[in-house]
Amino acid sequence: MAAPGAGAPPEETLSLWKREQARLKARVVDWDTEAWQRNPDFSGLQRVGGVDVSFVKGDSVNACASLVVLSYPELKVVYEECRMVNLKAPYVSGFLAFREVPFLAEAVQRLQEKEPSLMPQVLLVDGNGVLHQRGFGVACHLGILTDLPCVGVAKKLLQVDGLEKSDQHKEKVRCLRAAGATFPLVGDSGTILGMADIRSREYIRRNQGLPGAPALGQERTLKAQWQEVCPPGGSAEPTDKGRPPEHLGPGPGADPDAPTQAPRDSEAETGPVGVGPREGPCAICE
DNA sequence: GCGACAG
DNA sequence: ATCTTGTCGC
């Protein structure tokens, strides 16, 4: 048999995958559909979920697929599941979903069967959403399969639609001082493909306790932070619109979402529910 | 040597 | 994704 975890798939398979992405992309809903998405402090949001797949050291086939649901805004774990799985498809940039989404969708399905009352209202997914080669990353894919609003959370910037780690981009990242500060990632198409939300380790180490660095307990509200943008001078942005995930409308699930960069350590950040700190040089600051 | 092709 | 190495705090 072949080793799913490795080897590049034949061009024929990639064509099929592209066709599937195009088919499902038509069901994406990339606008707010839930009241909590636009409420000042997300009032109405009670459960936030997160999914991820972690691998066994030198193994690209065996991995742990996990789904966790937290209460909001308390952020207490109310549901958690980790399941060892055998990946069937290799990782191919632009097609991450075909490798991981089956197991993520199954995790959501099991939750629906066992504890439907704990179904999250939004799901954070490792990987990109609409910031993708064909505008349909794993977050979008899972959203369609589960009918849940999903937010893509990536650790590295996928340079598509004109997005690049230019000096301009790096400058904007450097402006992300306050925890939770963000700026929109606007592609050449004019679409906001995501929000970068980073805390520079250098800044923190050099400015602890200095003016400009908000004291603990004085941070702005999450919602307020999301709407913060670098000082005037940057090019894009007045879209006061945050960038929460969406929901589905007609047919099967749907929703899109935005990806983002994040600190290098463990997980990354998210457009909306961005909290995580972590530190260290990141793929964006670099 | 460096960058890029999510994880 | 995972591997590394170094630094700092407990």
Side-chain angles (χ1 to χ4, degrees), chain A residues 3-9 11 13-14 17-18 21 24-25 50-67 82-105 107 123-143 150-167 169-170 173 185 187 193-198 201-202 204-206 208 256-271 277-286:
Chain A
E11 199 58 41
T13 297
L14 295 183
W17 285 355
K18 288 179 184 177
Q21 292 181 321
L24 298 178
K25 181 181 179 183
V51 292
D52 189 20
V53 175
S54 298
F55 294 78
V56 176
K57 24 184 181 176
D59 195 322
S60 58
V61 175
N62 298 108
C64 170
S66 69
L67 163 59
C82 287
R83 189 188 188 80
M84 289 307 295
V85 298
N86 300 317
L87 303 195
K88 306 303 180 186
Y91 166 69
V92 181
S93 179
F95 303 92
L96 173 64
F98 293 92
R99 177 171 169 73
E100 304 184 349
V101 89
F103 309 99
L104 301 180
L123 211 46
L124 303 186
V125 185
D126 66 305
N128 288 301
V130 296
L131 174 33
H132 175 269
Q133 289 89 332
R134 289 164 293 285
F136 194 73
V138 64
C140 296
H141 203 130
L142 184 60
C150 290
V151 179
V153 185
K155 291 183 275 301
K156 296 175 182 177
L157 176 64
L158 226 190
Q159 300 179 70
V160 297
D161 192 18
L163 290 177
E164 57 181 343
K165 289 192 228 176
S166 61
D167 290 334
H169 182 274
K170 294 176 182 176
V173 171
L185 293 172
L193 300 172
M195 303 289 280
D197 181 342
I198 304 287
R201 167 203 245 180
E202 298 83 83
I204 292 178
R205 300 194 67 173
R206 291 165 47 200
Q208 287 182 1
D257 213 305
T260 307
Q261 277 57 16
R264 87 128 176 359
D265 189 12
S266 53
E267 300 320 296
E269 284 300 337
T270 72
R278 296 309 103 66
E279 59 175 70
C282 66
I284 324 172
C285 310
E286 161 240 355

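Every chain is numbered from 1, with letters handed out A, B, ... down the list of sequences.
For the pair A/D59 CG and C/dT2 P, the computed distance is 11 Å after rounding to whole Å. For the pair A/Q159 CD and B/dA4 P, the computed distance is 5 Å after rounding to whole Å. If you take CG of A/L131 and P of B/dA4, they are 14 Å apart, rounded to a whole angstrom. Nucleotide B/dG7 holds its P atom 17 Å from the CH2 atom of A/W17, rounded to whole Å. As a whole-Å value, the separation of A/D52 CG from B/dG7 P is 10 Å. At whole-Å resolution of the value, NZ in A/K88 and C1' in B/dG7 are 18 Å apart. Distance, A/L87 CG to C/dA1 P: 13 Å, rounded to whole Å. Spacing between atom CG of A/L124 and atom C1' of B/dG7 amounts to 16 Å, rounded to whole angstrom units.
You'll find the side chain of A/L87 reaches within 4.5 Å of the side chain of A/F103, heavy atoms only. By the 4.5 Å heavy-atom criterion applied to side chains, A/R99 and A/S60 are counted as neighbours.
Under the 3.5 Å distance criterion, the side-chain polar atoms of A/K88 are left unmatched by any main-chain donor or acceptor of A/P102.
Ranking B/dG7, B/dA6, B/dA4 by closeness to the A/H132 side chain, first place goes to B/dA6.
Between A/K155 and C/dA1, a side-chain N or O to OP1/OP2 separation shorter than 4.0 Å is present. Taking side-chain N and O atoms only, A/Y91 has no distance below 4.0 Å to OP1 or OP2 of B/dC5.
A search for ring-ring contact (aromatic ring centres under 6.0 Å, His included) contacts involving A/F95 returns A/W17, not counting sequence neighbours.
Within 4.0 Å (heavy atoms only), A/F98 reaches no atom of the nucleic acid at all. No contact: A/G58 has no heavy atom under 4.0 Å from any strand.
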